[in-house]
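Heads up, the thing below is written out as structure tokens.
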Amino acid sequence: MAMVTSQSSSKASRVGSVRSFALSDGNSFYCSCERVFDPRLARVPVIVLSNNDGCAIARTPEAKALGIRMGEPWFKIRQLCRSEGVRVYSSNYALYGDMSSRVNEVYRRFSPRIEVYSIDESFVDLSDVRETERAELARDMRETVRKWTGIPTCVGIGPTRTLSKLANHIAKKHPELGGVCDLTDEQERAAWMGLIPMQEIWGVGPATARKLEAAGCDSVADVRDLDPRMARKSMTVVGERLVYELRGIACLDLETVAPTRKGCAVTRSFSDRVEDLAVMEQAVAAHASRLAEKLRAQALGTDHVTIFFHTSEHDRDGPQRSVSTVVTLPEASNDGLVLLKAAKFGVRRIWRDGYRYSKAGIISTDLVPLEASQRALIGAFDRERGGALMDAVDACNRRFGRGAVVSAAAGLERERSWSTKFEMRSPRYTTRLDEMPVVAAC
DNA sequence: TCTGGGGTCCTAGGACCC
DNA sequence: TCTGGGGTCCTAGGACCC
């Protein structure tokens with residue numbers, strides 16, 4: 001079998017042998033997390049809003065039935081939610097992240113090889129499970145997750161990652177399957193593929209869908225039957241792999257060990273527009289501190305950061321401006337004070353009065369393991385002192401909660417006029433002692 | 001008259017994902 | 001009034017090198 005990959009790769013060592021993947025994901029995951037801790041939410045419409053309470057990013061079936069779409073802005077659905085009694089929550093990532101790791105702990109009991117693909121989805125390798133036993137194992141896994149964490153899931157099984165995603169899609173759309181769909185059988189698979197529109201394929205977005213349409217594709221089966229060479233011509237190696245994956249030939253293997261992160265960013269929309277340099281400095285400084293924290297958690301560093309801010313396209317009347325600048329450091333660092341200083345420097349460099357800025361951020365690409373990074377001959381940071389200080393800051397924040405110790409330059413909570421809205425956040429039940437649910441037994 | 005060939009690295013931009 | 005945040009991969013094209 002020809003390896004369909006853009007670069008020679010040895011990690012797909014098992015590619016070619018018969019594989020089986022299960023994709024398990026949490027149903028309306030964020031909403032389900034909220035339901036675990038509040039039984040009153042069962043069977044009523046629930047939605048969770050994005051950062052800044054901007055738009056709906058998770059909806060229970062009851063909320064979907066009311067016509068609330070994915071990504072719909074909050075201000076457009078507020079009335080509907082009020083009149084229909086929809087329970088609305090701000091994002092509570094501390095809770096969702098913790099619930100996610102609990103769910104993954106359960107998956108690990110069913111297979112030694114799992115890939116945590118996103119906060120609510122994981123691939124589970126079932127290659128060593130007998131074909132006839134896979135669906136049963138999936139049902140068992142699903143029940144165990146439900147019992148131990150309270151999260152409802154759906155599982156799709158297939159010989160490639162793409163087909164397991166497709167199976168998962170079917171499991172979700174067809175409740176009569178009991179939350180598990182196994183596409184191992186070729187005939188059964190072919191029947192389903194003829195029924196599902198190609199837009200549902202994992203990896204097909206609007207641009208690819210237009211190309212596929214032009215090529216006469218309507219269903220998933222049509223894409224499977226494309227000539228792989230033609231697919232490569234119009235859709236690059238990504239398109240060619242897609243065709244093979246749909247044919248049951250695995251081109252993508254599991255990443256069971258999370259690869260070192262390549263980039264990291266902290267960006268936020270402001271709750272109110274920012275027109276003042278001092279406020280912008282404070283906001284970006286806070287983002288920089290947070291970025292440094294994220295890098296420290298993974299022992300990574302960066303020797304340059306991009307600072308950006310821009311106005312909003314939705315402010316039709318005002319003048320528009322979008323700027324960015326790269327600030328280079330003498331050597332890689334993850335010291336909060338170093339990145340904060342770089343951030344403020346960058347902001348001042350590109351600041352211009354007279355605009356109503358809506359969003360700002362700090363981005364770092366090309367992360368390096370800090371210990372292995374090249375030291376500067378001139379301008380090296382005092383890593384011993386800086387590192388000890390940051391260790392102490394991290395320890396305090398772990399113990400007393402994020403934000404317990406911050407740089408004054410990044411602003412205290414109460415003076416942050418720019419900060420993000422979380423007006424309807426539920427308690428962080430599982431990660432904060434003071435927000436733990438209290439149960440009375442009598 | 002006539003001006004190589006092949007490689008790497010970097011960046012920007014497009015596309016897609018959750 | 002009000003429209004999220006944070007990632008990955010791939011390609012083309014330019015700079016540069018020998």
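These figures come from a predicted structure and were not determined experimentally. Residue numbering restarts at 1 for every chain, and letters A, B, ... go by the order of the sequence lines.
The CD1-C1' distance, from A:Ile47 to C:dG4, rounds to 14 Å in whole Å. As a whole-Å value, the separation of A:Arg316 CZ from C:dT3 C1' is 11 Å. Distance A:Glu423 CD to C:dT1 P: 17 Å, rounded to the nearest Å.
Closest-nucleotide positions on DNA chain C for A:Arg273 and A:Arg268 were compared, and the one nearer the 5' end corresponds to A:Arg273. Across the interface with DNA chain C, nearest-nucleotide mapping of A:Thr267 and A:Ser358 shows A:Ser358 to be the residue nearer the 5′ end.
In this model, the phosphate group of B:dC17 is not approached by any side-chain N or O of A:Ser118 to a distance below 4.0 Å at OP1 or OP2. Under 4.0 angstrom from either OP1 or OP2 of C:dC9 there lies at least one side-chain N or O belonging to A:Lys262. Taking 4.0 angstrom as the limit, A:Lys165 places a side-chain polar atom (N or O) nearer than this to OP1 or OP2 of B:dC18. Between A:Arg78 and C:dT1, a side-chain N or O to OP1/OP2 separation shorter than 4.0 Å is absent. At B:dC16, one or more side-chain N or O atoms of A:Thr208 fall inside 4.0 Å of OP1 or OP2 (strictly under the cut-off). At the phosphate of C:dG7, OP1 or OP2 sits under 4.0 Å from a side-chain N or O atom of A:Lys294. For A:Lys359, a side-chain nitrogen or oxygen approaches OP1 or OP2 of C:dG5 to under 4.0 Å.
At a threshold of 4.0 angstrom between heavy atoms, the contacts of A:Leu291 with the nucleic acid are absent. A:Glu121 comes within contact range of the sugar-phosphate backbone alone, with a heavy-atom separation under 4.0 Å but no base atom that close. The residue A:Asp53 sits apart from the nucleic acid: no heavy atom pair falls under 4.0 Å.
Counting only heavy atoms from C-beta on, A:Pro73 has its side chain closest to C:dT3 among C:dC10, C:dT3, C:dT8. For A:Arg261, taking side-chain heavy atoms from C-beta onward, the closest of the listed nucleotides C:dG6, C:dG5, B:dC18 is C:dG6. Across B:dC18, C:dG4, C:dT11, the shortest atom-to-atom separation from the side chain of A:Ser50 is found for C:dG4.
Below 30°, between 30° and 60°, or above 60°: for A:Phe29 and A:Tyr96 the angle between ring planes is above 60°, a perpendicular geometry. Classified by interplanar angle (parallel below 30°, tilted 30° to 60°, perpendicular above 60°), the ring pair A:Trp351/A:Phe309 is tilted.
The aromatic ring of A:His314 does not stack onto the base of C:dC2, failing the criterion of a centre distance under 5.5 Å from the six-membered base ring together with planes under 30° apart.
Across the P atoms, B:dT3 and C:dC18 are found 24 Å apart, a figure rounded to whole Å.
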